[in-house]
Protein chains: 2
Amino acid sequence: MTVVLSLKGKKVALRMKAVSAAVEAGEKGGRGRKASKETRRQQLIEATIDSLAKRGYAETTLADVADGAGLSRGIVNFHFESKENLLIATLQFMADEYGAHWSAALEKAGESAASRLWALVAADFDRKICTKRKLAAWCAFWGEAKSRPTYQALCGARDVKYQDTFISLCAELKAEAGYGYDAETIALSLGAMMEGLWFRLMMGDGLTREKAHAASIEYLVSVFPGHMTHHGPK
Amino acid sequence: MTVVLSLKGKKVALRMKAVSAAVEAGEKGGRGRKASKETRRQQLIEATIDSLAKRGYAETTLADVADGAGLSRGIVNFHFESKENLLIATLQFMADEYGAHWSAALEKAGESAASRLWALVAADFDRKICTKRKLAAWCAFWGEAKSRPTYQALCGARDVKYQDTFISLCAELKAEAGYGYDAETIALSLGAMMEGLWFRLMMGDGLTREKAHAASIEYLVSVFPGHMTHHGPK
DNA sequence: ATATATTGAATGAATATTCAGCAAGTATGT
DNA sequence: ACATACTTGCTGAATATTCATTCAATATAT
């Protein structure tokens, strides 16, 4: 149990180093052989996000994912059956994470429509969600979504459900203060703006999360002057 | 000169039909063997845009492009050396076309900052530029751009140059009417919104060019009330 | 011991690239 | 006019490469 691996030692050491930090931190199985099925799946999903962010969709290979996870070539097919399944699971994971974060923000927000809208906008630019790495992975899927119904459904879930909430919040504000604008139109432009800001963050021409968030707030203040200030909902 | 091709007739007929209308309409060489080098390149670029729109970046193959153009398998390597070159030429073409359209819109616009800004916004949602087909092709490249410097440069050209114009136009309007907002922030949110609208048009959940344009106008009117109306610049 | 997770070399399918040859046009010689 | 050589766009079968998938062997856990 102690000797044996003199020859393989180096390779193993390299692998250990490659394992993502998220998984290294204990949890259930940790790493090595002990990792539970679910842990290993998560580890591979994280490696997939890394690869998508680093090399884009077209250049993401199972070999790269396996290397990134510090595991061997056949590992993905063992845990996910196919590359396609891995990619779908990855997108599913990101969609779930986004949805959970979004719902949590709505929970924590106050009762008023203004504070809810404010909270939703803030949530989109939160550290946890709005990473260059994750934005890049989203974008990789977006690029393929139009020609792949499965991806489109998972990406679109984001739009459909959330856009409806935006619309009704905008409608509430309108009813309260009698803004002249059409609620749907405003919700559309707000949502589109935030998506565009995400996109530019990903492309990364010196735009920061803070600036993007500030631009969104500027929009809220100018469209809903009776409800919003630069520092929060009234 | 008349007989000979009895055997190949059918195949040739099919090919002729597949040739895009744009190329069929005379110009220099027309089609068949006569097509000039430049015409053929353009024909292949159009077929590439078709393939990108239909199948996405990852699924676009040279075979599909060749089939779409009604030509044989080796044709792309003959005219472009490599797939990579074809894709770069395609993106270059789209970027040039966009830029030319944009510049033309600026030329035709009036002198005032308000009418220039109005014209630029309208240009983005013009029939010629804003096709589902072309938006899909743009999106295919966007998805790969982050991991490919060449693509990023060509996609980014759009942002850098045009964003600066947006900023100075917004600054002019601010100087004229003393709006309280920061010009850069407003230009950022406006540009991001338009990109986001493009993106949603491509995803196509019932959003139309007209609605997208209307949303942009709503934004202009609400941010620059002293300069814009729903029907045009003051 | 047995079951399970993992490895990594082998396999095969997809597809980019190459290239020898074909055919339509063009120039030159008779 | 006609024949001959030459150029050039194009073809499509052959080749090379990349990569997902498989699976027999191996390591580890219970």
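What you see below is based on every heavy atom in this structure, not just the backbone, and it leaves out hydrogens, waters and symmetry mates. Every chain is numbered from 1 and lettered A, B, ... according to where its sequence line falls, protein lines coming before strand lines.
Rounded to an integer number of Å, the gap from CZ of A:Arg73 to C1' of C:dA9 is 11 Å. Between B:Asp67 atom CG and C:dT15 atom P there is a gap of 12 Å when expressed in whole angstrom units. If you measure from atom NZ of B:Lys83 to atom P of C:dT17, you get 8 Å, rounded to the nearest angstrom. Rounded to whole angstrom, the span from the CZ atom of A:Phe78 across to the P atom of C:dG8 amounts to 15 Å. Distance B:Glu84 CD to C:dA16 P: 12 Å, rounded to the nearest Å. At whole-Å resolution of the value, CD in A:Glu81 and P in D:dC23 are 12 Å apart. Nucleotide D:dT21 holds its C1' atom 13 Å from the CG atom of A:Asn85, rounded to whole Å. Atom CG in A:Leu62 sits roughly 16 Å away from atom P in C:dG8 (whole-Å rounding).
A salt bridge links A:Glu59 with B:Arg148; the closest basic N to acidic carboxylate O contact falls under 4.0 Å. Here B:Arg73 pairs with B:Asp67 in a salt bridge; the nearest charged N to carboxylate O distance falls below 4.0 Å. A salt bridge is defined here as a Lys NZ or Arg NE, NH1 or NH2 lying under 4.0 Å from an Asp or Glu carboxylate O, and A:Lys211 with B:Glu184 fails to meet this definition. The pair B:Glu46-B:Arg133 meets the salt-bridge criterion, since a charged nitrogen lies less than 4.0 angstrom from a carboxylate oxygen.
Between D:dT11, C:dT6, C:dT17, one nucleotide has an atom nearer to the side chain of A:His79 than all others, and that is C:dT6. Taking every side-chain heavy atom of A:Ile75 into account, C:dT6 is the closest of C:dA9, C:dT6, D:dG9. Nearest nucleotide to the side chain of A:Thr61, out of D:dC19, C:dT17, C:dA9: D:dC19.
Phosphate proximity of C:dT17 to B:Asn77: present, with a side-chain N or O under 4.0 Å from OP1 or OP2. The shortest distance between the side-chain N/O atoms of A:Lys37 and the OP1/OP2 oxygens of C:dA5 is below 4.0 Å.
Looking at which nucleotide of DNA chain D each of A:Gly74 and A:Glu59 is closest to, the 5′-most match is held by A:Glu59.
Between A:Tyr219 and B:Tyr219, the angle of the ring planes stays under 30°, which puts this pair in the parallel group of the 30/60° scheme.
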